[in-house]
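Scroll down for the structure; my scribbles are underneath it.
If you're wondering where the values come from, they're calculated on a predicted model, not measured in any experiment. Just so we're on the same page: letters track the sequence lines, and every chain starts at 1.
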Amino acid sequence: MMILLYIIFAVIVGLLFHGIHRKVIARIQTRPGPPIWQEFLHVMKFSFKQTWIPKTASKVLFVAIVPAVIAIWAGALYVLFTGGSLLVIFGVYLLHKITEHGLGLSSGSPYGKLGAIRSVLSAASEIPLIASIAGIYFVTGSLMISDIVAYQADHGILLITALPIALAMYVIILSKVPYSPFGIIEAKEIVSGNKTEHFGAFRAGLEVGFALKTFVLLAVFVTLFIGAMPFWMLLIASLILLLTMSFICALTPMLSPYDAVTIQIGVIIIVIIYMAFIAFAGGMP
Amino acid sequence: MYEAMTASVTASMPVSESAYGFTQTDIEGQALFSLPFGDIVNFLTPYTAVLFVFALTFTIIALISKPERQVDTVMGGDAYYTKDISRETLRFQRFMAIACGLATMGGIMAGDVFNFTLFTAFIGITNIGIVAAVKNKHILDNAFEYGLLAMIGTLPLFVGAALVLATTGTLSMWILFTPEVAVPLFAKLLLVIGVIAEGMAPVFVAKAEITRAPGAPYILMVHVSSLLIFLRVIEIVISM
Amino acid sequence: MQLIIRKVSRILQNHNNLTAVYALVVIIVAAIGLISIAAGEITFEKDQLYPKTINPDSPLNPYDRGGSPFVPADIKAQYPGNFPAIGYITGYLSPFATALIKISPYFGTTIVAHPGGILDEILYATRGLDTIVETSILFVAFTTAMFLFRRDEE
Amino acid sequence: MIAAISAFAATATAITTSATGTAGTLTSLTVGEIELFGLSNFTIGLVGAIICIFISFYALMREKDDLHRLLLTDLIEVIALIAIALLGTDLAEALILPGLVVGVAELTAMSQIYIVKEKLVREPESYLDIEVMHTAPAIIAVGMLIYGIILSGFTGGAVAGLGMLFYFACKGTEEKTEILEKVSGYAWVMWVVAFIVFMTLPAYWFFALMLAGTGILAKVAIKISILGTMRKNDGSGGRRSMGGNGNV
């Protein structure tokens, strides 16, 4: 039952990360910004607000999608901490995409629908994803997280030895943090995108799921490319990673939907060239 | 922390020698379960089990959930209307969505490369069916493009499987996943682009337009199936 | 840089270009295939399952899989243990087919699908799941076609 | 034009493959053993198939017309079958059948989508109307049906189905389609039951074989004959509106 404590802890940290992210963006843009526990307060507030299902919604789907979000990311956290297969975590990443579509489509709202359509568009981020997974396997010869951690203990950290792969992964995670230049599904012109119609307790559930997601993705990046470390250092490293992303989010405009896709395809081409290069050069240094 | 938790998990897993000589890979962990059908032996690993559960969940949702009613606002006024799906279309789409879910579960469990490609083609055709039921001309246009892609996708898929058989002499994943058997890169690439065409996982253009169609639980199955089968093919290709 | 991105995304976002873009990808992969053939990476594995033997004297040629009714044929399957009745289906000929063989030395050329002809246990049993999936695909495709056809009629 | 060239290339490869496959009087097929210019015949065939892929996909890349692209996809599927056929084993033969069926199935569904999408609801100006279609459908259909049942199995189903297709196309039917579909569904279930018997009770293989053989015969025959009912000729020479408002 330790894992349950970890999940609760991860949710709190993830919400806090979201708050810090907002604060940093605001400060870079010389705004005061909300307090860092703002997202936490949001969840509390939403939990006790009135909740109902829109009349036009596809009811089962509308409700089921919320526990699905939490369940898949809790599963990902479990796999991460048990050193399981990296593929499972990135399976979860893609499954998250499905929940995004489902969120938007289930309500019948035009805003939600637009969010969902854009989330389908942004499915192109799967492309750098395969590239980076294949790259990691290519380099380390395993996809079990425990093996990758062990590999780094022997051969030095992957962030340095396999920089292009790390960059591809960075783009993937960047496209999932709030306010990202790739965050076309939550652009302001479509209100809250696919989350528009989920309010009250549903929204609280979603925020919990998304907090878990942020925590897991950051921790995965740190574990994969820097290696095993004590838990407190993992938190600090994740925070630093998040801060770099906050800078990017604060300083870049949101891309137009198809440009985001094109850039992500560009990333995979770089990774493929890199992999071809190391293949011809005869393996890793 | 990692060490402690890994140790506890591996201790709780039963380590059993399988009849097919496939106990553990570096990619997805221990095989949990196998279901032999003659030469085709289906199996689940922790990874595919996750996918399987997800596919099952969404198939059940498609089965029991009523479709949403899309709201369209009328420009230049306060009016809005909802689109209702006719009973016939609904039944058809639901049937297709469930068939799609079953095909996805089959593809996830498949332990044979050719069987996998067949399930993938199955997913392609059910996806076409789900969207083809919509009467909107724009969506039909996209469904047609999507369908064309699914059709030409059978070439890389089947040629990929045929090459696997030609170069290794087997189609069974139990054997292909062992390190002794080498599958050429060409065959792997063909399999991946074949699945991309069938499931249209990252081929986003027509698929995004298709998402405009009403019938969320069914349209969602299009995405569920394509992403899951995509995840599966990556696992297969990396394991081979 | 920005211009290139714009240009590429303009091509990608037109759904009419979808097959063209995909065709390009396939051509690239096929080119990789040619290169890997030239590099000698793709070699035919001679130890194949269900090898084909041709007996020009057999009236069942070219579909003679060996064996005679109720005597199992010799089959090289992947997992013979999973199907204990292996070889029986392939060996089986209907009485009518048995009679025809005696009359016509070219029975096999009609691509006869008597059980034991083209439809042997590869399709029925050992790889029967393939055929089940395949018929399901046909079933679903027909359902789609009939649904659209009938809806048009209304 | 491009389509024609690639079709020719595809056929040429098919012929080459079958020629290398059955050259001489062999007691066993030797794919991968016959050598030409230092290459095995499998490799040569594969190179041929890849060249076909180049041609056909280049054609697809250039082609803009929807109908022509639909036709090209069929060509592409033929190449896939060629690549499987290169194996030259019994297994390859068994794999071609699903491959073929998938192609046919997708083409059926896609053609219907094309018709709906383009709203092609105008009746043809005139139907094929030759004497044999009035006088002989019953005899031809019965003949082919019997021959099909004798052949049994998949090909038998195809032969019987063609007979029925001809009958329905000539005589015209309206309501029989649903019944046919139902029978086809049951035939499919028979097939699945037979497969389960094979897998769980192999001792009863003969019973399962008969079940499967009958099931597949009925299924294939009916699927093909349904195509016959999908033509809108009611046989009397009269024309029936295809619904909609008849616009093009």
Side-chain angles (χ1 to χ4, degrees), chain B residues 35-40 96 112-115 117-122 124-129 131-167 169-171 184 186-187 190 194 197-198, chain D residues 31-32 40 42-43 45-46 49-50 52-53 56-57 60 63 66-67 69-70 72-89 91-92 94-96 98-119 195-196 198-200 202:
Chain B
L35 181 66
F37 286 121
D39 272 6
I40 298 169
M96 281 292 166
D112 179 279
V113 178
F114 195 79
N115 202 234
T117 61
L118 275 181
F119 273 118
T120 312
F122 195 175
I125 195 128
T126 49
N127 285 356
I128 297 170
V131 285
V134 181
K135 275 184 173 166
N136 179 322
K137 161 90 174 146
H138 177 71
I139 291 169
L140 270 181
D141 265 346
N142 281 287
F144 185 73
E145 295 291 328
Y146 182 110
L148 281 183
L149 209 60
M151 284 184 78
I152 56 178
T154 53
L155 173 122
L157 266 182
F158 289 154
V159 175
L163 271 179
V164 169
L165 180 57
T167 51
T170 182
L171 284 167
F186 181 39
L190 282 174
E198 290 293 339
Chain D
V31 175
S40 73
F42 172 79
T43 314
L46 191 60
I50 289 178
C52 293
I53 290 176
S56 55
F57 276 84
L60 195 73
E63 186 57 64
D66 280 350
L67 187 57
R69 281 194 294 167
L70 189 58
L72 277 176
T73 55
D74 201 35
L75 174 71
I76 284 166
E77 262 153 18
V78 174
I79 302 172
L81 299 186
I82 292 171
I84 302 176
L86 284 174
L87 281 163
T89 57
L91 181 55
L95 297 186
I96 284 174
L100 185 72
V101 169
V102 168
V104 171
E106 285 179 341
L107 200 61
T108 317
M110 288 299 294
S111 323
Q112 202 61 44
I113 293 178
Y114 181 77
I115 291 172
V116 173
K117 172 175 104 81
E118 299 293 325
K119 299 200 172 65
F195 177 68
I196 293 168
F198 275 133
M199 284 302 127
T200 53

Using the side chain to side chain contact (heavy atoms under 4.5 Å, CB included) rule, take Phe186(B) and Ile50(D) through it: C-alpha gap first, then chi angles, then the decisive distance, then the call.
CA-CA 12 Å; Phe186(B) 181 39; Ile50(D) 289 178; 3.8 Å; yes
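Taken from CD1 in Ile152(B) to CG in Asp74(D), the straight-line distance is 13.0 Å, to the nearest 0.5 Å. Note that CG of Leu72(D) is 10.5 Å distant from CE of Met151(B), once rounded to the nearest 0.5 Å. To the nearest 0.5 Å, atom NZ of residue Lys117(D) and atom NE2 of residue His138(B) are 12.0 Å apart. In this structure, Leu165(B) CG and Leu86(D) CG are separated by 11.5 Å, a value rounded to the nearest 0.5 Å.
For a residue to count as touching a neighbouring chain, one of its non-hydrogen atoms must lie under 4.5 Å from one of that chain's; by this rule Met110(D) touches chain B with backbone and side chain alike. Interface residue Leu118(B): only side-chain heavy atoms are found under 4.5 Å from chain D. Only the side chain of Phe195(D) comes within contact range of chain B, judged by heavy atoms closer than 4.5 Å.
Interface remark: of the candidates Phe158(B), Phe114(B), Phe122(B), Phe114(B) forms the most heavy-atom pairs closer than 4.5 Å to chain D. Considering only heavy-atom pairs separated by less than 4.5 Å from chain D, the leading option among Leu171(B), Val159(B), Leu157(B) is Val159(B). The residue among Ile125(B), Ile128(B), Thr117(B) with the most heavy atom pairs within less than 4.5 Å of chain D is Ile125(B). Contact count against chain D (heavy-atom pairs under 4.5 Å) is highest for Leu155(B) among Asp39(B), Thr154(B), Leu155(B). Most heavy-atom pairs under 4.5 Å with chain B, from the set Ile113(D), Asp66(D), Leu107(D): that is Asp66(D).
At a threshold of 4.5 Å between non-hydrogen side-chain atoms, the residues Leu163(B) and Leu46(D) count as touching.
The two atoms that bring Ala83(D) and Ala162(B) nearest to each other are O-CB, 4.0 Å, heavy atoms only.
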